[in-house]
Amino acid sequence: MIAPDTGRRAAEGERRSEVAEPTVTLSRSGSVGVITIDNPPVNALSQEVRIGLLSALEQAELDPTLVGGVLRCAGRTFVAGADITEMDAPPSEPTLPTVADAFERSRLCWVAAMHGTALGGGLELALACCGRVAEPGTRVGMPEVTLGIIPGAGGTVRLTSLIGAEAAARLVTTGKQIDAVESRQIGLIDVIAEDAHAASLEIAGSGGRAIETSPTPRAPKPEFWDQESIRVREKARGQESPIEALAAIREAATLPRAEALQAERRRFLRLRESEQAKALRHVFFAERKAGASLRNVPKAADLQRVGVVGGGTMGSSIATAVLISGTAVTLVEQDDAATARARNLIETNLKASAKRGVISSVEPVLARLSVCTALSDLEECPLVIEAVFEDMAIKTALFKALDDVLPATAVLATNTSYLDVRELARSVRDPSRVLGLHFFAPAHVMKLLEVVRLPQTSDPALAAGSALARQLRKTAVVTGVCEGFIGNRIMAAYRRNAEEMLLRGAQPETIDAAMRDYGFAAGIFETQDLSGLDIAWAMRKRRRLEGKDPAIATISDALCEVERLGRKTMGGWYDYVDGRQVSSPETARLIAEFRDGAGITPRVYTAAEIVNSILAAMSREAEAILREGIAEGPDDIDVVMIVGFGFPRYRGGPMYIARKAQ
Ligand code: 3H9
């Protein structure tokens with residue numbers, strides 16, 4: 001006998017009892033069968049769930065008193081996809097296509113009642129139902145390409161016939177999630193309801209008659225495929241899955257259905273085994289494990305207000321990030337003119353964020369900002385971040401002053417990129433309240449946050465850093481103290497290696513092109529031109545004075561000495577003609593001069609040699625970082641390089657590559 005449906009959904013965070021309960025159950029509500037998946041945390045479609053679904057479906061089919069069915073999930077979300085932990089093993093029976101086909105072929109009309117995130121295989125299952133209802137906050141998407149695969153359970157075929165090839169291509173090639181309203185507009189869901197379960201019961205009870213049939217989507221114009229192919233290839237930068245996803249959508253739009261389904265499955269199975277997919281699965285789990293020690297400290301309460309000292313580009317950008325997260329900011333600057341400039345910078349950042357759709361309007365966010373000139377105004381802030389000029393004397397004086405005016409419980413964070421945080425901590429009475437929060441520019445856009453932990457940093461201080469990362473939805477990685485922390489230190493090794501190759505015969509443009517072809521968004525030399533060569537030059541000079549670097553001039557120094565500082569002087573490693581980046585004869589001459597001076601006969605570097613040499617330099621530095629205990633694990637280093645420095649995600653990161661080669 002089928003038990004009655006209680007309609008109850010497990011509360012957020014509620015775990016199943018210790019006694020093994022089934023992950024899928026069938027109950028009934030009048031003449032409607034209700035299949036509930038309860039597989040926390042995200043109701044992934046593990047083998048156990050797939051077996052349970054087929055069995056529940058079979059049972060429901062056999063009950064002549066049922067006229068329809070609802071497919072729903074307990075807990076915080078509808079199915080968020082196939083179980084990624086199963087993907088390193090061969091596919092196991094029953095496969096998801098078998099389960100999806102069984103729902104589609106069922107004599108009952110199944111309605112998917114969605115909440116949370118209906119993603120990947122979860123959405124594929126919903127597409128195999130005869131109707132889809134979503135609660136207002138629901139987000140749907142096909143994120144498979146971000147895992148190096150494509151939908152493999154009929155998703156490209158069912159989605160294309162439901163919403164048309166153009167909309168399907170956009171969703172499947174980007175992996176982008178859309179909200180319930182947009183899903184309704186494009187015909188992906190039928191109804192938005194506050195209580196998706198109740199609305200689904202009603203529709204299923206009518207045998208699906210309440211669902212409006214949507215018009216057949218129009219076919220795209222013939223030129224669509226070529227245009228889309230160019231767009232997808234450009235964005236993919238060597239990643240295979242978006243290109244395969246477009247091919248699958250094209251087959252869905254042009255081949256007979258059965259053939260398209262088979263073709264999709266073949267592509268999916270091939271990609272599932274690919275090196276790119278394996279690397280992307282590694283990154284998926286590495287990102288979720290990142291900053292492990294932050295999770296081991298007692299959780300701090302949400303921060304209601306954060307203090308920022310310094311309203312220059314970085315301080316304003318950090319303040320913008322905090323404001324966008326819904327948290328109030330008190331920003332301190334030296335005088336009224338400087339506070340006005342900071343407020344303007346923040347407003348400009350917020351306007352740009354509104355344009356990108358990150359916030360819906362500027363005013364309510366800006367209203368959370370207070371600007372002032374007295375440090376004592378920060379007394380209500382449990383966490384204060386300094387983002388003043390990168391100079392030890394200035395920062396030490398500021399920390400001393402903060403130490404005097406703030407309550408002993410306030411956590412003091414520095415955003416320094418290169419200065420020794422230990423020295424800074426020594427300037428306050430209780431160094432355990434100090435930590436580093438190293439944001440990347442622009443802080444309101446970049447997702448990485450290096451949390452710099454000193455030997456004496458207290459758990460509450462670390463917990464405040466962790467709370468901020470959580471509120472800002474940043475990927476936080478813990479780092480110890482060293483010059484450049486994890487990311488900049490590895491990039492410095494990359495830069496040194498690239499300059500060494502210049503000396504031996506390579507050109508900036510060949511090195512940059514090789515790294516772009518490998519999948520980096522940009523090469524190191526063009527990036528340096530963009531940010532300006534003078535900042536690193538000043539740092540090199542400082543390090544040489546301090547005896548930390550040998551007093552040997554570099555090609556980079558030579559460029560700076562002739563005022564070739566990058567784009568801002570219309571010339572650096574490259575020349576800039578009408579804003580276009582072109583090879584520079586002047587730079588080539590300077591490099592040749594350097595080589596002659598060192599008595600080096602130039603040799604030709606292949607792209608593969610360049611890439612291998614740079615990857616080896618990065619992984620050598622990364623190994624040193626691990627040996628010194630600066631990073632908490634190799635996966636954290638991969639996360640830093642991918643999230644913060646444009647290392648191609650589908651390559652898995654420098655440590656992943658190095659470990660694979662061993
Ligand atoms: C697919 O569906 C292919 C099909 O087409 C194939 C057909 C044949 N599997 O992210 P969170 C874990 S491919 C296994 O921190 P949030 C995660 O590791 C799949 N585990 O939470 C973490 O574990 P732990 C397509 C998964 O609230 C915990 O759940 N789907 C999976 O910030 C919480 O995760 C996707 O790509 C999974 N699918 O975000 C969606 N998903 O607690 C992937 C999560 O031990 N998932 N876990 O660290 C997500 O995007 C986010 O997890 C989600 C929740 C938005 C759902």
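One-based numbering, in listed order, for ligands and for the atoms of each.
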The one among Ala80, Gly81, Ser46 that brings a heavy atom closest to atom 40 (C) of ligand 1: Ala80
Glu58, CD: over 12 other non-hydrogen atoms inside 6.0 angstrom: no
Pull out every atom of ligand 1 sitting under 4.0 Å from any heavy atom of Gly121, numbered as shown with elements. 1 (C), 2 (O), 4 (C)
Would you indicate which of Arg288, Arg272, Glu124, Arg473 comes nearest to atom 50 (O) of ligand 1 when only heavy atoms are counted? Arg288
Using distance alone, determine whether Ile150 and ligand 1 share an N or O pair under 3.5 Å. no
I'd like to know whether Tyr518 forms a side-chain contact (heavy atoms from CB on, under 4.5 Å) with Arg651, so could you lay out the CA-CA distance, the side-chain angles of the two residues, the decisive distance to 0.1 Å, and finally the verdict. CA-CA 9 Å; Tyr518 183 72; Arg651 305 273 186 191; 3.4 Å; yes
Passes ring-ring contact (aromatic ring centres under 6.0 Å, His included), Phe645 versus Phe520? Steps please. CA-CA 9 Å; Phe645 293 87; Phe520 274 84; 9.7 Å; no
Numbering as shown, the atoms of ligand 1 that approach Pro41 to under 4.0 Å (heavy-atom distance): 28 (C), 29 (O)
Would you please indicate if the ring centroids of Phe78 and His115 are separated by under 6.0 Å? no
Does this structure show an ion pair linking Asp190 with Arg184, if we count only N-O contacts that are shorter than 4.0 Å? no
Tell me, please, whether Phe268 has Arg266 positioned over its six-membered ring: NZ or CZ under 6.0 Å from the ring centre and within 45 degrees of its axis? no
When you compare ligand 1 with Glu144, is there at least one nitrogen or oxygen pair between them that comes in under 3.5 angstrom? yes
Measure the shortest side-chain to side-chain distance between Thr156 and Met142 over non-hydrogen atoms and say whether it is less than 4.5 angstrom. no
Does any N/O atom on Phe285 come nearer than 3.5 Å to any N/O atom on ligand 1? no
Is Glu264 close to Glu251 at the side-chain level, that is, under 4.5 Å between some pair of heavy atoms? no
Which atoms of ligand 1 sit under 4.0 Å from any heavy atom of Thr117? 56 (C)
Option set Gly141, Ala82, Ala100, criterion heavy-atom distance to atom 38 (N) of ligand 1, minimum: Ala82
Does Glu228 form a salt bridge (charged side-chain N to carboxylate O under 4.0 Å, His left out) with Arg233? I'd like the steps, not just the answer. CA-CA 8 Å; Glu228 194 65 0; Arg233 261 172 212 283; over 6 Å; no
Heavy-atom contact check, 4.0 Å cutoff: does Pro151 meet ligand 1? yes
Taking C-beta and beyond as the side chain, do Leu54 and Pro94 meet within less than 4.5 Å on heavy atoms? yes
Do the ring planes of Tyr656 and His282 sit parallel (below 30°), tilted (30 to 60°) or perpendicular (above 60°)? parallel
Enumerated ligand 1 atoms positioned under 4.0 Å from heavy atoms of Phe268: 6 (C), 8 (C)
For ligand 1, which atoms sit closer than 4.0 Å to a heavy atom of Arg265? 8 (C)
Side chain, backbone, both or neither: Leu96 near ligand 1, heavy atoms under 4.0 Å: side chain
Pro143 heavy atoms within 4.0 Å reach ligand 1 at atoms 25 (C), 30 (N), 35 (C), 36 (O)
Region of Arg76 engaging ligand 1 - heavy atom pairs below 4.0 Å: side chain
Taking only non-hydrogen atoms of Gly120 and a 4.0 Å limit, the atoms of ligand 1 in range are 2 (O)
Please state which part of Met142 comes within less than 4.0 Å of ligand 1, counting heavy atoms only: side chain, backbone, both or neither. neither
Should the proximity of Glu264 to ligand 1, defined as any heavy atom under 4.0 Å, be assigned to the side chain, the backbone, both, or neither? neither
How does Arg50 reach ligand 1, if at all, at less than 4.0 Å between non-hydrogen atoms: by side chain, backbone, both, or neither? neither
Applying salt bridge (charged side-chain N to carboxylate O under 4.0 Å, His left out) to Lys278 and Asp88, what does each step give before you reach the verdict? CA-CA 8 Å; Lys278 285 181 193 157; Asp88 285 330; over 6 Å; no
In ligand 1, which numbered atoms sit nearer than 4.0 Å to a non-hydrogen atom of Leu147? 13 (S), 19 (C), 36 (O)
